[in-house]
J.: 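Before we start, here is the structure in question, set down as structure tokens.
Since this is a predicted model, take the numbers as computed values, not measurements.
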Amino acid sequence: QPDVKFISVDEVPADLKEKEKALEMAKEDLAGKPDNIKDKIVEGRLKKKFEETALLGQKWLKDEDKTVQEVLKEKIAKLGENIVIRRFTRLTLGEGLDKKDDDFAAGVEKELAKYRQ
């Protein structure tokens, strides 16, 4: 999963777009191509990249066939109210949980010792 930083592609700052465009234009695989072709290739790459870092383009957790944008539109249609996502927090499964570091062999030995007496 890419690192989601923006709610929509429209929120990507112009300076970041320019910086990424300059980096893409300098890539070796575009060398020798005409400028108009380069622009189209770079535009496509950047569009894909920014869509991957936008929340609304992400797959919906409960139904991988839908995006967050599609589920949002469904909820708006169902409720008849305009819903706007203003902020979000990304959670990672298991984040913040302390994992016990037990010695499995010692645990088995301890359990077996109970029955040996």
J.: In sequence, state the C-alpha distance, the side-chain angles, and the governing distance for Lys114 and Glu111, and then conclude on salt bridge (Lys or Arg N to Asp or Glu O under 4.0 Å).
T.: CA-CA 5 Å; Lys114 290 180 185 176; Glu111 287 298 313; 3.2 Å; yes
J.: Could you check whether Lys40 pairs with Glu43 (Lys NZ or Arg NE/NH1/NH2 to Asp/Glu carboxylate O, under 4.0 Å)?
T.: no
J.: Rounded to the nearest 0.5 Å, how far does CG of Asp15 lie from CD of Glu20?
T.: 10.5 Å
J.: Please list, chain by chain and in numerical order, all residues satisfying side chain to side chain contact (heavy atoms under 4.5 Å, CB included) with Asp35, sequence neighbours excluded.
T.: Lys38
J.: Show which residues join Ile41 in its hydrophobic cluster (side-chain heavy-atom contacts under 4.5 Å, direct or indirect), or state none.
T.: Phe6, Val9, Val12, Leu16, Met25, Leu30, Ile37, Val42, Leu46, Phe50
J.: Check Asp39 with Lys33, please: is the shortest side-chain N to carboxylate O separation under 4.0 Å?
T.: no
J.: Any Lys/Arg nitrogen of Lys59 or Glu64 sitting under 4.0 Å from an Asp/Glu carboxylate oxygen of the other?
T.: no
J.: With a 4.5 Å heavy-atom cut-off, do Glu11 and Lys5 have their side chains touching?
T.: no
J.: Would you find more than 12 non-hydrogen atoms of other residues, nucleotides or ligands less than 6.0 Å from Lys47 atom NZ?
T.: no
J.: Compare all side-chain heavy atoms of Val4 with those of Gln58 and state whether any distance is below 4.5 angstrom.
T.: yes
J.: Anything under 3.5 Å between a donor and an acceptor, one on a side chain of residues 72-89, the other on a protein residue two or more places apart or in another chain? List them.
T.:
unit_1 : atom_1 : unit_2 : atom_2 : d
Glu74  : OE1    : Lys66  : NZ     : 3.2
Glu74  : OE2    : Lys66  : NZ     : 3.1

J.: Does the distance from a Lys or Arg side-chain N to an Asp or Glu carboxylate O, for Lys21 and Glu24, drop under 4.0 Å?
T.: no
